[in-house]
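In what follows, a single structure is set out as structure tokens and then discussed.
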Amino acid sequence: MLDWPGCRWQSGRMRSVSGPHLARLLGTWKAGADLTPAYARLAAAIRMLVLDGRLALATRLPGERELARALGVSRTTVTAAYDAMRADGYAASRQGSGTWTTLPDPPAQPTGPVPFAPAPETAGLIDLAHASPEAPATALREAYEWALAQLPRFVHGHGYSLFGIPELRAAIAARYTSRGLPTSPDEVLVTSGAQHAFSLAVSLFADPGDRVLVEHPTYPNALDAIRRAATRPVPVPLAPGGWDIDAVEAALRQTAPRLAYINPDFQNPTGLLASDAERAALGRAMSRSRTRTIVDETLVELALHDGAAPTPLAAFVRDELAITTGTASKTFWGGIRVGWLRADRTTVRHLAAVRATVDNSSALIEQLAVTYLLGRIEEVRAHRRSELTKRRDTLIAALRDRLPGWRVRVPDGGLVLWCDIGVPVSTPLAAAAERHGVRLAAGPRFGVDGAFERWLRLPYTLAPEVLVDATDRIAAAFHSVAGGSGEERSELIDTFA
Ligand SMILES: Cc1ncc(COP(=O)(O)O)c(C=O)c1O
């Protein structure tokens, strides 16, 4: 049994990283002209991978000889690097168990979700913790007027629809079909949001103690749902520009997760869009290992680029293993509590039975409104695209001006920027920002075990002038906690605005 809390669950099944894989993750660790000894640079580079969540906690490091060979350095260098990491609290060893990654003060595991909702006394803050745009006002009003006009058709019945009303299931199925994933209405279950759909799938398919593979970083409420179900997240680091298929395959092999949770379309929080090649590789890995895969398409309709939309990930996964979740929350509005999932008919029936233990139906009027809005989806998407592009570019320009040391990838869609803030102060920054009138979600909210303290997620969902004001306030807060420094540059991101 291993001592460190993050290791406990993995006793007997610890993840490991091979020498060549670690060498690849380390990239250009040797570069630079300063006189820091090689062992110290190596230790710092591995420590950075741990802090950035690119090397999961409790991962067994390669043997010293193996890593020395992979890096082309002496074994003494690796031995000294591992010693330095142990001294700093970034590694632990035990005779016979090798050396594995740790953090100096492992954070207490949260006992429950930390809701983002502003407390009443903090109402009036600029809220950059949520990433949800306002409603398209005219289309929304027309949708509810239309829905109200349809009500007489329904009022003589009982009003429940456990699976969703037929016209909405048909509209959702048609949307999948038009995106290249042929779907019939009985492969759709209407829910009260994508998070509801995700929780249903976790409660049906995972038992307490089971593992759920997640991207790292990932959507915090999914992590909370995984922990609430007494299942355990297996974080798989994303590569700088996309999905690290080797790491996914290694995690599948080494931890045999019961479920995988993948967010391939403008991933929250990185904004990454999986290519068709990555989708094919992910689909192969999941199908081969028979891992049931929950594909979260919450942000799929929010493309801001001209390229063709990639094929839905579910098209690459064996049909009975794929559960795709979707929602009206981001495309249309978070105030409409309608989402859905797509799966094979048997899975849909089983999930509907689980749903009946929580609630019996989504609201009829909301379902009708979404049916109408799906009929106008191209118009709403075009409007979203032009507004969000302006806001994204405004926020990036303001950050460049006020916080030139931060690095930001320009996302091709979605709602957020994932910012490398240069120093590991995301949590104190979020606390200081509240005092400056801005609510933020700090980087570690998107990770497991305290990773991402050097990162911050910033939504570009508010009006441009509010984003500029918020950036001024965040810059003041940042200077108060970091003294304006930004020395620990990431080498992990390859393209920047
Ligand atoms: C990736 C992702 N999945 C799911 C959700 C939850 O969506 P819903 O409001 O439909 O429950 C969100 C909301 O922010 C999200 O960003």
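Just so you know, these numbers use all the heavy atoms, side chains as well, and skip hydrogens, waters and symmetry mates. When a ligand or atom number is given, it counts from 1 through the structure's own listing order.
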Which atoms of ligand 1 sit under 4.0 Å from any heavy atom of Asn268?
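In order of number, 1 (C), 15 (C), 16 (O).
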For ligand 1, which atoms have a heavy atom of Gly193 less than 4.0 angstrom away?
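Here the atoms of ligand 1 in question are 10 (O), 11 (O).
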What residue and heavy atom of the protein are closest to [atom], and at what distance?
atom: atom 7 (O) of ligand 1; value: Ala194 CB, 3.8 Å
atom: atom 11 (O) of ligand 1; value: Gln195 N, 3.0 Å
atom: atom 3 (N) of ligand 1; value: Asp296 OD2, 2.6 Å
atom: atom 9 (O) of ligand 1; value: Ser329 OG, 2.7 Å
atom: atom 4 (C) of ligand 1; value: Thr298 OG1, 3.2 Å
atom: atom 10 (O) of ligand 1; value: Thr327 OG1, 2.6 Å

Has [X] got a side-chain atom pairing as donor or acceptor with [Y]'s backbone, closer than 3.5 angstrom?
X: Thr138; Y: Pro136; result: no
X: Ser361; Y: Tyr160; result: no
X: Arg409; Y: Pro240; result: yes

Whether Phe266 and His305 hold their rings parallel, tilted or perpendicular, with breakpoints at 30° and 60°:
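It falls in the perpendicular class, over 60°.
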Do [X] and [Y] get their side chains close enough for a donor-acceptor pair, meaning under 3.5 Å?
X: Arg355; Y: Ser199; value: no
X: Trp418; Y: Gln267; value: no
X: Arg345; Y: Ser184; value: yes

Look at atom 6 (C) of ligand 1 and find which of Tyr261, Tyr219, Trp333 reaches it with the closest heavy atom.
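Result: the heavy atom closest to atom 6 (C) of ligand 1 is in Tyr219.
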Is it the side chain, the backbone, both or neither of [X] that has a heavy atom closer than 4.0 Å to ligand 1?
X: Lys330; result: side chain
X: Asn263; result: side chain
X: Arg337; result: side chain

Do His216 and Phe446 have ring centres separated by under 6.0 Å?
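Between His216 and Phe446, the centre distance exceeds or equals 6.0 Å.
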Check whether Phe205 forms a cation-pi arrangement with Arg292 (NZ or CZ under 6.0 Å from the six-membered ring centre, at most 45° off the ring normal).
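Relative to the ring axis of Phe205, which defines the angle, Arg292 lies inside both limits.
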N/O of Ala131 under 3.5 Å from N/O of ligand 1, yes or no?
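N/O-N/O distance under 3.5 Å: no.
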